[in-house]
Structures are given as structure tokens and as C-alpha cells.
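Proteins come first, then strands; the chains are lettered A, B, ... in the order of their sequence lines, and each starts at number 1.
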4 protein chains.
Amino acid sequence: MPEEQPRPIGRPRDPDINERLMSAALEEYAQTGWSGFTMQRVAQRAGVGKSALYRRWADREQLLVASIESVALPLATTPDSGSLRGDLIDAATRILHHFLDPMGWATLRITVDSAVDLTTLDPFQERIIGALNSGVTQIFTRAAGRGEISSDLPVRPLVESLFGSLLIHVLSMPAHERDDARRDATAHVEPLVDVIMRAAARHPSP
Amino acid sequence: MPEEQPRPIGRPRDPDINERLMSAALEEYAQTGWSGFTMQRVAQRAGVGKSALYRRWADREQLLVASIESVALPLATTPDSGSLRGDLIDAATRILHHFLDPMGWATLRITVDSAVDLTTLDPFQERIIGALNSGVTQIFTRAAGRGEISSDLPVRPLVESLFGSLLIHVLSMPAHERDDARRDATAHVEPLVDVIMRAAARHPSP
Amino acid sequence: MPEEQPRPIGRPRDPDINERLMSAALEEYAQTGWSGFTMQRVAQRAGVGKSALYRRWADREQLLVASIESVALPLATTPDSGSLRGDLIDAATRILHHFLDPMGWATLRITVDSAVDLTTLDPFQERIIGALNSGVTQIFTRAAGRGEISSDLPVRPLVESLFGSLLIHVLSMPAHERDDARRDATAHVEPLVDVIMRAAARHPSP
Amino acid sequence: MPEEQPRPIGRPRDPDINERLMSAALEEYAQTGWSGFTMQRVAQRAGVGKSALYRRWADREQLLVASIESVALPLATTPDSGSLRGDLIDAATRILHHFLDPMGWATLRITVDSAVDLTTLDPFQERIIGALNSGVTQIFTRAAGRGEISSDLPVRPLVESLFGSLLIHVLSMPAHERDDARRDATAHVEPLVDVIMRAAARHPSP
DNA sequence: TATTAAACGAGACGGTACGTCGCGTCTTCTT
DNA sequence: AAGAAGACGCGACGTACCGTCTCGTTTAATA
């Protein structure tokens, strides 16, 4: 007989409120940054009382972490395009777009914050960065399966290079270049992917 | 002919205070993180009144930016070790150590914040990231001079890869691994440098 | 038909806090004078946060004005002792005691300030001085009713004389005389009341 | 032999600055009241550095006390008009004008302040109020000399009545009435003087 | 005439209170 | 019981003055 979960008495939580709050949180964060990221503004933007907010998350950080997760995790899925290069271009393009988006900035920022205040946010760091890393790692595993790269090639440096170069590419981009990158992501992504491709290429046997 | 700047009237600012404040700011930040980074605590630690602090920087961010600059800029100098690989190992090691240090976390964070609030912090982004980037770029220029790499090899992606992979390497490092990295930086740095080396290697001529 | 005021939503203000703050304000003011009359000290003495204070009064002056009103207004009631002289002695004694009390000094001071910054504090001036004046005026109205004084005797100068002479009496009193005045108020009050009595006396008909 | 005061060496103080500072102080005080009465603003209005100010007076209060004295003391002189009523009208008119003037408000305010913070300002109270009182007292002395009033009539209550009623008259005056009082001072002063006159009149002999 | 020492303007200094704002909690009534 | 509203204690924000302290310049009397 299936467990009858106890179904708590009283008014049930409005399931809609979770989403509305996380959206509001990301919008607010993207707009104003961490300073100026106010609980009452988030609540107000979501059309919700503060109590509903604090019932779900203990403080600002936890709210933001949850919100970030909800948009960052989908990035970790990597459809098979048939070739290593295709897979990398595809993943890199999606990551680039993400980082060019206000919500992506938020991811970035939170990522770094999590590394800084490493006491409080360790789990987050593991979940977000870990997920993204393992997404890209899968690509290399598939490529090794296809025989495109040597199966004993160390993968971690390649993943870090790809992910990291995208990060720095966005960070070091002057403001006016952002629009350009949004329009023609491939042109920005290819040079970075090619670094990886050359580094991963089978060494020519003598 | 050298301009004789007119020496402003009134009591001159105590030059010592600048340094004491920036040191205090970095120590305070390293200790407590951004939250808990309080102007009055910085002032107190420096043994200085708040007014002297606010006379120099308009708010918390600007103080921190200036403080970060003072420790981050020296990273941009790249002594010539005689070979591309040696130069890269050297630069990467110094950057890794920097990012493993609380003050380095601050650099990182401010860097990202500057990319997010791109209105207020643009100059900083340009100064810090730009300086670090151009430091690494010099290394490749020197290598091209030596004939180690082709002089028409696009350098920017390589710089971004190196710098970025170091960043991600630290970010994705579980807490317990940090100590390990501090002790044996080379072991952590070499795989990343080798990605760059393989990508930069002269393509085998047919 | 009694209006049913709609009972505002949200948590209602703690009515106790009003009183505690006004008491604390008067005590603090009496102790330290205007300089040293600090919002945070008042809040602290009342065991209350600053926000609760500022939610009720916009600044120091308004807090003090409200506090003063609460102790000064009761002075305006003038019980009927049966004779003009008795009424005046009674009122004058109470006013003298009030001015000899630290809280009375505050009244005085605020009164004058209100006359000086006549833009901001007009309403106060009207309420406090007006109330006290009209209290004394009643006494003369009653006396005219009893036939003690001519009913077409101009009252305002008499009121101003009584009230004012008390004021100056206190102001010009050397410090050591204050204790004396507190112990034997009547001795200080009678000469001043007698000035009024003689001035108000029916002119002997020729 | 007349003392030759040692004539201090070095640059002598600019005697002009004293006056300019006291004027500036009174104007500033009249304009903004005690709060907003700022040393640097006084200095600025006088076109003088803060050091010149602090060299002459130790703090705000002392500056203000000195400034007030300089305008209030002349009030104490009471020219002989030949009759008690004439003397009183004259003195009262001058005092009324003084209190209707911004600088007079300042006197008033300082007077009261001095009574409140009785620790710090006692000497001032004595000097200012004392001087004004003794000025009016002289009038009664003269009148007794002329035989207008009994020489054993207690004078202090009369003085306090006159001075005080003027004070309250101004304090209780609605703003719009001030201009009226400035134009036609006598009309405002006479009723108050008459109170004194009736109270001082020789008791009709039986 | 040259020296000297205090007065001067300007403004930086260590403090402290201001009035504002946001935190995270608590209290009220409504759904 | 969940929810909207908003008051609560707390504490940092950035501003404005306090009274003190350098600075370099000006001003007389002295040497």
C-alpha cells in the first residue's frame, strides 16, 4: 500500500509563489547588484508579503542561491551533435549566451561570492560549478568513445580551460562588445574552442 | 619643461593614511568578507577617523577597488625566464597563489562585480583585468620573438584560456584542496599550462 | 452616528512606546540639555530602537515639542478657589514650580525656540503659550463674573504681566535661590500677584 | 606711574575681525537658530578662517554670548525723560524693538538657554539679564527721587512684570502681528506700562 | 633693511550624532 | 496554517560639524 504522506493541516502553500519569488529575485539582482538587493523589494516585485519569503528561505543568500540554481542547472545538459567540435561549440555558445544575460551575470557573481565567503556557500559552489563542469566533461567522454581523442587524455584541464576562457572573455569584454557577442556568438566562441581542439588533438605519432 | 604644479593650499593630506587605510581594508575584507566589511571597522583598524576615509573614497566599493588594485597590479609584471613554458609556469603560479589568498578572492569578486555593475566600475575592469591580460600577452610576444611560436598565432584566446582556467580551477576546487594547492602550486599549474603549450605549438609541417 | 474608522492593516503600533519615548526624552533633556540630547540615547533609555522613534517624530525638535506639550498642557487648567487672588496665587505657584523643574526649563526653552524659528514651530507656540494664556484668562473672566474686577478691564496685559514676571523671576534668579523658591513658592509668587491685583483693582470712584 | 602693558611681539590681531565675527555670528544665529549655527559658516560669512575664530572664543557658546552682549548691553542705559511713565514707555519701546529684531530673538534664546544649562552660562545670565534689570530699576529709583512713587515700594516685582510682560507679549504674538508691532510699538507698549503704573501708584490716602 | 614671531586662510585630522535604510523577527487581521 | 501588511530592535550607511592640528603666507615691531 503506498505511503499516505501526512498532508499537513491548514492552508497549503501557494506553489505559484516559489517561482514568482525566484524570478523576482533574479531580476532584482541583475538590475541592482548585491547591494540594493533587498528582501522587501523582491517581495514587492513578486507581489508577496515578506513572511511568505522568509518562510521559504532563511536569508538573502539562500534565496539567491536557489534562484541561480534554477537557471544555471539546465546549462549542464549537453546534447550529442556527433562530433567533439560540434558539442563544444554548442555548449560554449549556450554558456556564452548565459553569461551575456543579466541572469548569467548573477550566476557569475554568485559563483564568485560563493568562492569568497566559502564558509556559507560551499554547497552551492559544488552544485553549480560542479554541474557545469560535469556537463562539459561528458562531452569529452563521448569524444573518447568515438575515438576522436585519446581516452587517457587528462580531461579536467581542458574543461577548466574552456569554461574559464569563456568567463574571462566576457569579463574582459568592453561594454560595447557585448552586443556584438550576443549577435554573433559563434565568432567569439570558435577561437576558444579551437584552443581546446588543438590541445586535445591526438599527438602525431612519430 | 616640467609643469610646476601649484601645491594646493591648506593642510596637506597625510600620505601615510592612504596606505594604512588600504591595508586595513584588505585585512578586514579578508577576515569578514563583503558582508561585515564595514567602513567604521576599517577606519578603526587603521586608527583613523571616518572622515579621513570618506575624504579619499566615496563609498565601500571604491575603497575596496583601490585597495585591490594596489595588490593586483604587481601581478602584471612578467620576468623573462628564457622560455615560453618557463614564463607561463611562473606567471600562472603567481596568479594561482594570488587567487588562493583572501586578497585574491577579493580581486576576483571585485572583478566580477565590475563586470556586472558595468556602469560604475568600468574603469576598474579595464585597469585590473586589462593589466593582467597584457602581462600574459607580453609572454607570448616574447615567445614569438624567440621563434618559439608562430608570430601570426592569435594570442587573445590563449591568454583567456590560461587566465580563465586558473580562475575556474580555484573556483571549482573543494575547500580541502586549497591547502594542497598552496603547498604544491606547480602540480596544479602544469596541466593548465600544458593545454596552452599544446595549443600554441607550431603545427607540424606536412 | 459614530464613524467606524477602518482599523489600519498590518501590525499596530505599540501604544506603550509613545509614552516611554516621551518620558525618556524629557529625562534626557533635563539631564543633559539640548546639546547632548541625542536620539540614540533617548531610544536607548526607553529600551526602543531608533526606527520606532523616527517613525513617530521626524527629528529631535518634534520629539521634544511633543514631550513638552504632554507636561505643559495640564498647567492650563485653573480650579476655582473662590477669589481672584486665590486663583492667581494658585496658578502662579503651579507655573513657578513648573519653571523651576528641569522639565519646565525645557518648556521654556522650547517656547522661546518656537518663537525664534517661527516657521517650523508656530503650531506649537500657539498650542502651548496659547493654552497657558487662556488658562490665566479664565481666571479673570471668573473674577469679572464675581464682580471683583470691572468687566471691561483689558485682560491681556494682566495675563502677560503675570506669566511674564514669573518667567523673568526664574530667569533672573541666581542658582542658589532656586532651592529657596522651591521650598517657599508662595513668598516668591505673592509680590508678583500683588502687582496684578493692584493693577486690576477697581479704580476708586471719585 | 602708568603700567606699560608689555605689547606682545609678533603680528598684532586684526581688530576688525572681532566685529566682523560677532556680526556674522548674530546674523547666522538669527537666520538659522542654534542648530545650524555653525562655526565654519560664521567664519565664512565673516570672510575669516576658523583659526581666527577659535583664537578669540573657545567654542560656539562663548562666541554667541559675546555677540549677544554687544547688542544687549546698550539697552540697559535709560535716559531721563522727566517722568516715570515717559521713562517706562521709552525703555519698553526699546526693549520691544529689540525683541522684535532677529538679534533680539537671539538675545531671548540665549537668555533662556543660559537659564537652562545653568552650569555653563551663569555669568552670562548675570551680565545680560542683570544689566537689563538694573537699567529698569534705575527708572524706579529716579521716580522715587521725584516723589512719583513711594520710596519703600518693592521694585523688583515691578521690574520683572514690565520686562516679563514684554517678553511674553512678543512670544505669544502671532507671526502676522509682528509687523504691526514694529510699526506702532507704542500701542503695544502702553497697556503693559499702564499695568505697572497702576500697580506703582500711591495708594489713595483715605 | 632684514629678522622674527604671532596672526592669518585654508583645510585635513579623530570624533560623534545625524536621519535613512535594510535586516530578520514579531504581531495583527484576513483568506 | 498561510498569507499581506507593517511595526519592532538593531546596526551600518554616508553627511555634516565639532574643536584641534598642520601647512604656507602676511604683517608689524625689533634689531
**Q** Return the value, rounded to whole Å, for the distance between atom CG of D59(A) and atom C1' of dT25(E).
**A** 13 Å
**Q** In whole Å, what is the span from the CZ atom of F37(C) to the P atom of dG19(E)?
**A** 10 Å
**Q** At their closest point, which heavy atom of A46(B) faces which heavy atom of L21(B), and how far apart are they?
**A** CB-CD2, 3.7 Å
**Q** Measure from CG on L64(C) to C1' on dC18(E) and round the result to the nearest Å.
**A** 16 Å
**Q** Could you check whether the side chain of K50(B) and the base of dG14(F) have a donor-acceptor pair of N or O atoms closer than 3.5 Å, going by distance alone?
**A** yes
**Q** Any side-chain N or O of R56(C) below 4.0 angstrom from OP1/OP2 of dC8(F)?
**A** yes
**Q** Between R45(C) and Q40(C), is there a side-chain donor-acceptor contact under 3.5 Å, judged purely by atom types and distance?
**A** no
**Q** Can you name the one residue among L64(A), V48(A), L53(A), L26(A) that meets side chain to side chain contact (heavy atoms under 4.5 Å, CB included) with V42(A)?
**A** L53(A)
**Q** Nearest to the side chain of Q40(A), which nucleotide is it out of dG14(E), dC13(F), dG22(E)?
**A** dG22(E)
**Q** Which of residues 14-28 of chain A sit near DNA chain F, with a heavy atom under 4.0 Å from it?
**A** D14(A), I17(A)
**Q** How many whole angstroms separate atom CZ of R60(D) from atom C1' of dT20(F)?
**A** 16 Å
**Q** Specify the residue among T38(A) and V48(D) whose closest nucleotide of DNA chain E lies further upstream toward the 5′ end.
**A** V48(D)
**Q** Rounded off to whole Å, could you give me the CZ-to-P distance for the R41(C) and dT16(E) pair?
**A** 12 Å
**Q** Return the value, rounded to whole Å, for the distance between atom CD of E61(A) and atom C1' of dG24(E).
**A** 14 Å
**Q** Looking at R56(D) and A52(D), would you say the former's side chain and the latter's main chain have a donor-acceptor pair under 3.5 Å?
**A** yes
**Q** Rounded off to whole Å, could you give me the CZ-to-C1' distance for the R45(B) and dG14(E) pair?
**A** 19 Å
**Q** Base, sugar-phosphate alone, or nothing: which one does S51(C) contact when heavy atoms must sit under 4.0 Å apart?
**A** base
**Q** For a 4.5 angstrom cut-off between non-hydrogen side-chain atoms, does M39(B) reach L63(B)?
**A** yes
**Q** Relative to the 5' end of DNA chain F, which residue comes earlier, M39(B) or G10(B), by the nucleotide with the nearest heavy atom?
**A** M39(B)
**Q** Round to a whole Å and report the spacing from CG of L63(B) to C1' of dG14(F).
**A** 14 Å
**Q** If you compare every side-chain N and O of R55(C) against the phosphate oxygens of dC8(F) (OP1, OP2), does one of them come in below 4.0 Å?
**A** yes
**Q** At what distance, to the nearest 0.5 angstrom, does OG of S23(D) lie from CD of E27(D)?
**A** 6.0 Å
**Q** Out of curiosity, Q44(A) CD to E28(A) CD, how far, rounded to the nearest 0.5 Å?
**A** 9.5 Å
**Q** Give me the atom names and distance for the closest heavy-atom approach of A25(A) to F37(A).
**A** O-CE1, 3.4 Å
**Q** Look at the side chain of R11(C) and the base of dA7(F), then say whether one donor and one acceptor between them are separated by less than 3.5 Å.
**A** yes
**Q** Using heavy atoms to find the nearest nucleotide of DNA chain E for Y54(C) and L53(B) separately, return the residue whose nucleotide is more 5′.
**A** L53(B)
**Q** OP1 or OP2 of dA7(E) less than 4.0 angstrom from a side-chain nitrogen or oxygen of R13(D), does that happen here?
**A** yes
